[in-house]
Amino acid sequence: MFEIIRTEGHARRGRFRCAHGGEVQTPVFMNVGTQGAIKGALSAHDLKDIKCQIELSNTYHLHLRPGDQVVRSLGGLHKMMDWDGPILTDSGGFQVFSLSGLRKITEEGVTFASHIDGRRIFMGPEESMQIQANLGSDIAMAFDECVENPAPYEYVKQSCERTLRWLVRCREEHRCLCARPDCLNPAQMLFGINQGGTYEDLRVWHMDQIARVDCDGYAVGGLAVGEATEVMYRILDVVLPHAPEDKPRYLMGVGTPSNIIEGVWRGIDFFDCVMPARNARHGKLFTWQGSLNIKNEKYKLDTGPIDPACSCPVCRSFSRAYLRHLFKAEEMLAMRLAVMHNLWFYNTLMERIRDALDAGEFAAFRAEYSEKLDRKV
RNA sequence: GGGAGCGUUCCCGAGUGGCCAAAGGGGGCAGACUGUAAAUCUGUUGUCGACGACUUCGGUGGUUCGAAUCCACCCGCUCCCA
């Protein structure tokens, strides 16, 4: 179920519901827990404390370890993690990009050399759907090829044509699996993924094609993988008018706070990105004045919170100086607190975007924050 | 008392006549990170008016065109024997 409550220009304020959890308010940021955990030592319980509405895990990683059959035996991903909210699983398509040195693509699918032990793993549309069925996620992503930018036109053309054929196979396999009596999550949704690199004609053609394959939502993939930010915005500008209006739209793997505001402005409803968690682990923290590196010497004696404008559990209790010390001393707590802060920041950013949309003031919000939040302080 | 070593830039530690402002770690300082092979990776770390110059390798002298590297003495430390 997806419902648009109101719009402001291309931006959409909506509600979404799936098999688990209550209503998801969109635009929403999905917190990334690739292997069933948020890196930085957070559990699903912690996610509740940082205003996370929906969590994301990864097909490829959980298939390798502990194995999707194991997850199924444990009652599915929700039960294993003790998370009763919505879960989206990425299909493994991004690993076709990120493990490019370790894989081979054919029409059937992709053969990976496991990054763990080198053993050969085959994954095609059917396998990806089967694994995601075993995980029991609420949203399964179609198996696609995420192509690095820039890439030659001919290659991108052939690749996105193949990704379209893969989507058709995903659709069939997914229906089939959900119809089985032993299906862990018969209400699991399937989102298709738009590709086409930086070529507007391919992007539009591909979106028109996948829009004909009945999906529960449509994602834009293959962005923020090498092209300039302006190019990404241009692609969104041309492709989103071709996405079904009544279905959720998900911009995969993006991005910075500014990228998110600009994405919402162009009509995106769902986002996910490793950036807030990874940057947090590396000491880069987001604030309403821009980002800062908490490891910098200037915070050595700073008794203030990370962000005076933040009311997250970390800012309520701990000083910049303490955080800096924990980082310098390489205490695990440093990463945990930093990740909690950054995810709270992202979830709060989405909340404020929604509030602005509700008030019909998103344009003003964008003008005030879009550029500012990506600056360094 | 006798014998054997050692002392290098913030720390540890290479270097034993010119290619040495001096390897490599650590620490420090800074940067990167966008559907997570990332608690990772990169740069930098003697001084200065800085594509060049100057001062460093326990101290003081000396040998040499040239010394962190060789010699003498001194200072400090370690170990072994008595």
(Q) Does B/A37 have its OP1 or OP2 closer than 4.0 Å to a side-chain nitrogen or oxygen of A/Ser98? (A) yes

Base, sugar-phosphate, or nothing for A/Ala277, non-hydrogen atoms under 4.0 angstrom?
base

A/His174 meets the side chain to side chain donor-acceptor pair (under 3.5 Å) criterion, sequence neighbours left out, with A/Arg171, A/Gln188

Tracing side-chain contacts under 4.5 Å among Ile, Leu, Val, Met, Phe, Trp and Tyr outward from A/Met141 reaches A/Phe2, A/Ile4, A/Phe16, A/Val24, A/Val28, A/Met30, A/Val32, A/Ile54, A/Leu56, A/Leu88, A/Ile139, A/Met189, A/Phe191, A/Ile193, A/Tyr250, A/Met252, A/Phe270, A/Val274

*C1' spacing across the pair B/C29 / B/A38, given as an integer number of angstrom*: 22 Å

- Between B/G13 and B/G2, how far apart are the P atoms? Round to whole Å, please. 30 Å

Residues at least two apart in sequence or cross-chain that pass salt bridge (Lys or Arg N to Asp or Glu O under 4.0 Å) with A/Lys284, listed by chain then number, are none

Q: Using a strict 4.0 Å threshold on nitrogen-to-oxygen distance, state whether A/Arg162 and A/Glu107 make a salt bridge.
A: no

Hits for salt bridge (Lys or Arg N to Asp or Glu O under 4.0 Å) against A/Glu371, two or more places apart or cross-chain, chain-then-number order -> A/Arg375

Pairwise P distance for B/A67 and B/G61, with rounding to whole Å: 14 Å

Item to complete: Provide the distance between the two C1' atoms, one in B/C12 and one in B/G17, to the nearest whole Å.
Response: 27 Å

- Using the C1' atoms only, state how far B/U64 lies from B/C71, rounded to an integer number of Å. 12 Å

Quick note, side chain to side chain donor-acceptor pair (under 3.5 Å) partners involving residues 2-25 of chain A, not counting sequence neighbours, are A/Glu3-A/Arg15, A/Arg12-A/Asp269, A/Arg13-A/Gln25, A/Arg13-A/Asp358, A/His20-A/His78, A/His20-A/Asp138, A/Glu23-A/Gln25

Those residues at least two apart in sequence (or on a different chain) that pass salt bridge (Lys or Arg N to Asp or Glu O under 4.0 Å) with A/Arg72 are A/Asp182

Applying the 3.5 Å cut-off to both distances, the Watson-Crick or G-U partner of B/U34 turns out to be none

Looking only at atom C1', what distance separates B/C75 and B/G24, rounded to whole Å?
31 Å

Q.
Measuring only the C1' atom in each nucleotide, how far is B/C80 from B/C10? A whole number of Å is fine.
A. 34 Å

Given protein heavy atoms under 4.0 Å, the one-letter contact record of nucleotides 30-35 of chain B, with B base, S sugar-phosphate only and - none, is simply SSBBBB

What residues 101-131 of chain A contributes to the RNA chain B interface at heavy-atom separation below 4.0 Å is A/Leu102, A/His115

ask   = What distance, rounded to whole Å, do you find between the two C1' atoms, one in B/U34 and one in B/A23?
value = 38 Å

Taken to the nearest whole Å, CG/A/Leu64 to P/B/A37 is 11 Å

Checklist entry - Does the A/Ser114 side chain pair with the main chain of A/Arg119, one donor and one acceptor, at a distance under 3.5 Å? => result no

Students should find that the hydrophobic cluster of A/Leu184, defined by side-chain heavy atoms under 4.5 Å apart, otherwise consists of none

